[in-house]
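Report on the following structure.
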Amino acid sequence: MEPNEINDIAPSALTHIIGQKSVVAQVAVALEAAFADGKKFDSALLIGPPGVGKSALARVIADEMAAQLHEVLGQSIASPADLNTLLLSAKDQDIIHIDEAHELDKTYQTALYLAVDQRRISLQGGRSGRGPQSLPLADFTLLLSTTDEYCLLQPLRDRMKLLLRFDFYTAEELTEILRHRSRALNWKVDEKVLPQIAARSRGTPRLALRLLQSCRRVCRSEGEIAITLAHLDRACGLEQIDPLGLGPTEQQYLGILCEGDTRLNVIASRLGLPARTVSQVAEPFLIRAGLVTKDDQGRRQLTGEGRAHLSKNRANGV
């Protein structure tokens, strides 16, 4: 069946990965060393914001090593049995990837770093009355992906031999990712569309690919086969995305600040959202993009760039 969804295609080799040059260079050296010594890939901590390719890289590492990948979410490990089953399922040189590792309970983080250190796990005795049993573990690779490094215990972080820090992508890198993905899917796309999608994607491939899929959806709904700027405009209109990639909540946020410096709880009340949602979901990109800043009292302020962007949106009827 011919691939038709944006996630039907994914990088399968290190040379396919665009951007993240420092991370790719570190992984290339680690792969070469593993091949030269005939050993497993070194355990690694993958750190970075959501949607920048941490899980994709874990799969590429497994493909490059021709190793079996055991992949779970941190929150899915809810009991000692879950963790033990995962660890015991791995064979020598297999790769265990725990995504969203910061969601692991501290108890299981402790058990995990002890297991990595000792290459053994202890099982409590059952109804038979026997004492704890110690079982050997295979010599596997452990990959931990996280957006919140501080939530991981330091002893666990310290046992990772590689620290792979992901950053946001440039517009040029996102454009190249979109070009490669659309060609792999045999989608016809006007070249002018790709940089426009990249500009709305906040430096994040996941958002760029999602918007490309939205453009494709609009294109096909109109019975056409080539994605054009008109399809992008309609897709953005349907999702209420402005030229910088801001959604309706961020646009309303800027509108509130246009009235003057405002505290977080007031903004949250006017948006009808919990303050934590505003500070952790809406604000980070606005601050990173230089549209919003905070004063010494924690009040949010609209910057010159933010005021100019808001004026431009209003002039364009956004």
Side-chain angles (χ1 to χ4, degrees), residues 1-21 23-25 27-28 31 46 48-69 71 73 95 97 99 143 145 164 166-247:
M1 184 176 178
E2 188 172 315
N4 197 42
E5 292 293 322
I6 206 75
N7 292 323
D8 288 347
I9 302 292
S12 58
L14 199 61
T15 54
H16 297 166
I17 294 179
I18 297 166
Q20 306 297 345
K21 292 182 180 179
V23 168
V24 170
V27 171
L31 285 170
L46 291 72
V52 293
K54 300 184 294 296
S55 297
L57 180 65
R59 296 176 194 123
V60 165
I61 291 171
D63 288 340
E64 291 278 11
M65 291 295 298
Q68 184 174 352
L69 178 66
E71 195 167 30
L73 292 172
I95 293 175
H97 175 220
D99 199 2
L143 302 180
S145 294
L164 305 176
F166 289 68
D167 202 353
F168 291 104
Y169 287 68
T170 66
E172 291 76 20
E173 289 168 342
L174 289 175
T175 299
E176 192 63 19
I177 289 171
L178 292 166
R179 183 176 293 112
H180 277 244
R181 189 63 61 92
S182 58
R183 286 176 179 172
L185 290 165
N186 291 318
W187 290 357
K188 294 183 179 180
V189 184
D190 185 336
E191 275 293 319
K192 295 177 183 177
V193 171
L194 302 181
Q196 292 295 321
I197 293 177
R200 291 166 167 81
S201 301
R202 310 186 187 203
T204 307
R206 182 182 295 162
L207 298 182
L209 294 170
R210 187 172 74 188
L211 185 51
L212 177 61
Q213 181 82 65
S214 296
C215 293
R216 166 75 173 178
R217 189 181 307 118
V218 170
C219 172
R220 296 302 297 136
S221 74
E222 296 177 358
E224 299 181 17
I225 59 172
I227 299 171
T228 66
L229 286 171
H231 297 134
L232 172 61
D233 288 342
R234 187 179 176 200
C236 290
L238 290 169
E239 299 187 16
Q240 301 180 63
I241 297 173
D242 77 5
L244 200 56
L246 304 185

Closest contact, heavy atoms only, [X] versus [Y]:
| X | Y | answer |
| --- | --- | --- |
| Ala226 | His231 | O-CE1, 3.2 Å |
| Thr204 | Gly51 | CG2-O, 3.3 Å |
| Ala208 | Ser201 | CA-OG, 3.1 Å |
| Tyr169 | Ile18 | CE2-O, 3.1 Å |
| Cys215 | Ile227 | CB-CG2, 3.7 Å |
| Glu239 | Ser214 | OE2-OG, 2.6 Å |

Quick one: [atom1] on [X] to [atom2] on [Y], what's the gap to the nearest 0.5 Å?
| X | Y | atom1 | atom2 | result |
| --- | --- | --- | --- | --- |
| Leu174 | Leu212 | CG | CG | 11.5 Å |
| Asp190 | Leu229 | CG | CG | 5.5 Å |
| His16 | Asp63 | NE2 | CG | 10.0 Å |
| Leu164 | Leu46 | CG | CG | 5.0 Å |
| Ile61 | Leu69 | CD1 | CG | 9.5 Å |

Who pairs with Cys236 by side chain to side chain contact (heavy atoms under 4.5 Å, CB included), at least two apart in sequence or on another chain?
->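 Expected list: Arg200, Leu211, Leu232, Ile241.
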What residues form a side chain to side chain contact (heavy atoms under 4.5 Å, CB included) with Leu238, not counting sequence neighbours?
->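 In terms of side chain to side chain contact (heavy atoms under 4.5 Å, CB included), with neighbours along the sequence ignored, Leu238 is linked to Val218, Arg234.
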Partner residues of Arg202 under the salt bridge (Lys or Arg N to Asp or Glu O under 4.0 Å) criterion, sequence neighbours left out |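 Listed in chain order: Glu250.
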Applying salt bridge (Lys or Arg N to Asp or Glu O under 4.0 Å), name anything that partners Arg216, two or more places apart in sequence or on another chain.
->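 Arg216: no salt bridge (Lys or Arg N to Asp or Glu O under 4.0 Å) contacts found.
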State, yes or no, whether a side-chain contact exists between Ile225 and Cys219 at a heavy-atom distance under 4.5 Å.
->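 Answer no - side chains too far apart.
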Does anything in residues 166-189 pair up under salt bridge (charged side-chain N to carboxylate O under 4.0 Å, His left out), and if so which pairs, sequence neighbours excluded?
->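 For residues 166-189, and leaving out neighbouring residues, the salt bridge (charged side-chain N to carboxylate O under 4.0 Å, His left out) pairs sorted by first residue read Glu176-Arg179, Arg179-Glu191.
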Yes or no on side chain to side chain contact (heavy atoms under 4.5 Å, CB included) for Leu14 and Leu57, after CA distance, side-chain angles and deciding distance?
-> CA-CA 8 Å; Leu14 199 61; Leu57 180 65; 3.9 Å; yes
Is there a donor-acceptor pair under 3.5 Å between the side chain of His180 and the backbone N or O of Ile177?
->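 No.
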Quick one: which residue pairs count as a side chain to side chain donor-acceptor pair (under 3.5 Å) with a foot in residues 51-60, not counting sequence neighbours?
->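 For residues 51-60, and leaving out neighbouring residues, the side chain to side chain donor-acceptor pair (under 3.5 Å) pairs sorted by first residue read Ser55-Asp99, Arg59-Glu71.
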Audit row: Leu178, Val193, side chain to side chain contact (heavy atoms under 4.5 Å, CB included) steps and yes/no | CA-CA 10 Å; Leu178 292 166; Val193 171; over 6 Å; no
